[in-house]
Amino acid sequence: MAPSGLLTDLYELNMAASYLQRGMGGEATFSLFIRQLPPTRGFLVAAGLEPCLEFLEGFGLSETELDYLGRELGFEDPVLDALGALRFRGEVWAVPEGRIVYANEPLLEITAPIAVAQLVEPYLLNQITFQTTIASKAARCVLAADGRDVVDFALRRTQGLDAALAAARCSAIVGFAATSNVEAARRYGLQPSGTMAHSYIEAFPSEAEAFRAFAQDLPERTTFLVDTYDTLNGVETAIAVIRELGLEGNLGVRIDSGNLDEVSRAVRRVLDEAGMPSVRIFASGGLDEHDLERLVRAGAPIDAFGVGTRVGVSADAPYLDSAYKLVEYDGRPMLKLSAMKATAPGRKQVFRGPDGDTIGLRNEPALDGHEPLLVPVMHEGRRTGPHRTLQTARRLFEQDLEHVPDLARSIGDPEAPVARFSDALQRFTDEARADALRRVGVR
């Protein structure tokens, strides 16, 4: 079922009602972009486009919703009739999910009659801002893990269940190996992952009995949580149960507390001395990319990480300074001249080349050796192709990541590249600015 058409702000409805009353049905183009990156980000990963396209395909106001607008907010019948007739029949150009982007680069541009384009603003901003935030945080964990598996543990700590599903989806885009969230795994075709909690160990008369029961009942998911009482003793117990039951295959131990560097070295030593070098060590416990980088650089013998709380809420940068601005209306360029929030007019394209990114006009020819990032994804209200898969998004991310400068990839003190304007866009902006100032009587 499509999300409600009332997932918008009241001021959007106020403006839409006024446009409709005054017969302002001209086409408007709005551009969605991130004004500036947080200081802890050297790049962003585009995400959230797919739910936006689904929303636009199903956009409309039901009779129940229109009744609410009339009864509670006082909209009159002619306006309600006009609102009820609105559907999205426009076009969308967007950066595909998984691609790496930088500040001021349009992630999405939408063209539709102005009332519709105005009403869908909050939903588009919500989805793209949040999912890009989480995907970008998760991507840093993948970088920091340096080839080790990373698993999404965010379900229990995200700010809402929809956010948990989105976090699992976004982490898959950037290369997480699995998720603990079973519904996300089912919905998005991900690998579910999980073993046991400390409560399971505590529920049995002894740690050995808990390990034995779990291995017998769930032999395909035998990773023993060894730090309920005493970590090294727990490892010895796990070794004894492995030998007793003749367990083979994908075996592991999980540590969830303490100094993970020191503890993992001790655990690895005990396992190796027992002749079990193939038993993996899985670590969790309030981790993010900074912890992963520290452990990997120190050479901690950890094979995989579970990350949850700080990644699922992007704790160090929980939001992005996103904007959705009118850049063209009824064939005329539009721009904003507010201090520190000025915008550039016109439908745009981002051209990526070996010398960096250039923001230009959509209709200007691409520079030699440069690739346009925005592609048409909707035309006349329908997708231009099939749903893009998470595998496609992951492949795009991996390809782009290879070309991200080292300073932007840095975990500790990243430095983001800055896109420049093309000569054509700069001239167009200067002309539109001069025209706007003339129209308002500023000399």
Side-chain angles (χ1 to χ4, degrees), residues 1-22 24-35 46-66 68-69 73 75 79-97 106-133 162 166 319-330 334 336 343 346-348 362 374-384 387-388:
M1 183 172 66
S4 168
L6 294 186
L7 280 172
T8 192
D9 294 315
L10 179 56
Y11 87 150
E12 310 284 15
L13 279 161
N14 292 339
M15 290 185 285
S18 182
Y19 294 146
L20 294 169
Q21 282 182 290
R22 296 178 177 277
M24 294 174 63
E27 281 199 335
T29 297
F30 283 82
S31 184
L32 193 159
F33 58 95
I34 310 300
R35 286 195 180 97
L49 177 60
E50 281 298 315
C52 288
L53 300 183
E54 291 174 12
F55 172 72
L56 293 173
E57 283 185 319
F59 175 77
L61 291 164
S62 69
E63 288 299 323
T64 300
E65 292 164 346
L66 292 168
Y68 169 82
L69 293 179
L73 297 179
F75 287 100
V79 170
L80 293 174
D81 291 342
L83 287 170
L86 295 179
R87 298 292 184 273
F88 183 76
R89 299 286 184 262
E91 69 174 31
V92 179
W93 285 62
V95 175
E97 290 187 301
L107 279 75
L108 174 150
E109 289 199 333
I110 180 173
T111 300
I114 192 167
V116 177
Q118 201 82 68
L119 287 171
V120 300
E121 173 183 357
Y123 190 91
L124 303 185
L125 277 170
N126 176 282
Q127 292 297 305
I128 290 180
T129 304
F130 176 72
Q131 296 204 33
T132 298
T133 297
D162 288 343
Y319 68 92
L320 294 172
D321 185 14
S322 57
Y324 180 92
K325 297 303 176 185
L326 181 66
V327 297
E328 180 181 297
Y329 177 61
D330 206 18
M334 296 286 120
K336 179 178 174 180
T343 59
R347 305 182 190 190
K348 298 179 187 66
R362 192 185 300 172
L374 282 87
V375 298
V377 293
M378 291 191 83
H379 178 67
E380 295 183 348
R382 290 291 175 263
R383 293 172 186 260
T384 57
H387 291 231
R388 287 177 177 258

For the atom pair [atom1] ([X]) and [atom2] ([Y]), what is the distance rounded to the nearest 0.5 Å?
X	Y	atom1	atom2	result
Q127	L32	CD	CG	11.5 Å
T132	Y319	OG1	OH	16.0 Å
Y68	L80	OH	CG	12.5 Å
D81	L66	CG	CG	8.5 Å
L326	F30	CG	CZ	4.5 Å

Side chains of residues 55-65: which donor-acceptor partners sit under 3.5 Å, not counting sequence neighbours?
{"residue": "E57", "atom": "OE1", "partner": "R383", "partner atom": "NE", "Å": "3.4"}
{"residue": "S62", "atom": "OG", "partner": "E65", "partner atom": "N", "Å": "3.2"}
{"residue": "S62", "atom": "OG", "partner": "E65", "partner atom": "OE1", "Å": "3.4"}
{"residue": "E65", "atom": "OE1", "partner": "S62", "partner atom": "N", "Å": "2.9"}
{"residue": "E65", "atom": "OE2", "partner": "S4", "partner atom": "OG", "Å": "2.5"}

Can you give me the closest heavy-atom contact between [X] and [Y], atom names plus distance?
X	Y	value
L83	A16	CD2-CB, 4.3 Å
M334	Y329	CG-N, 3.7 Å
M378	G381	CE-O, 3.2 Å
G48	E97	N-OE2, 2.6 Å

Would you say the side chain of [Y] lies within less than 4.5 Å of the side chain of [X], judging by non-hydrogen atoms?
X	Y	answer
S322	I128	no
E50	R388	yes
W93	R347	no
V327	T343	no
R35	K325	yes

- Task: Ignoring hydrogens and angles, tell me if any N or O in the side chain of R87 forms a donor-acceptor pair with the backbone of G84 under 3.5 Å.
- Result: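 Yes, because the side chain of R87 sits within donor-acceptor range (under 3.5 Å) of the backbone of G84.
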Only pairs under 3.5 Å count here: list side-chain donor-acceptor contacts from residues 106-126, not counting sequence neighbours, and write none if there are none.
{"residue": "E109", "atom": "OE1", "partner": "K348", "partner atom": "N", "Å": "2.9"}
{"residue": "E109", "atom": "OE1", "partner": "R362", "partner atom": "NH2", "Å": "2.9"}
{"residue": "E109", "atom": "OE2", "partner": "S31", "partner atom": "OG", "Å": "3.0"}
{"residue": "E109", "atom": "OE2", "partner": "K348", "partner atom": "N", "Å": "3.4"}
{"residue": "T111", "atom": "OG1", "partner": "T29", "partner atom": "OG1", "Å": "2.7"}
{"residue": "Q118", "atom": "OE1", "partner": "Y19", "partner atom": "OH", "Å": "2.9"}
{"residue": "Q118", "atom": "NE2", "partner": "E12", "partner atom": "OE1", "Å": "3.3"}

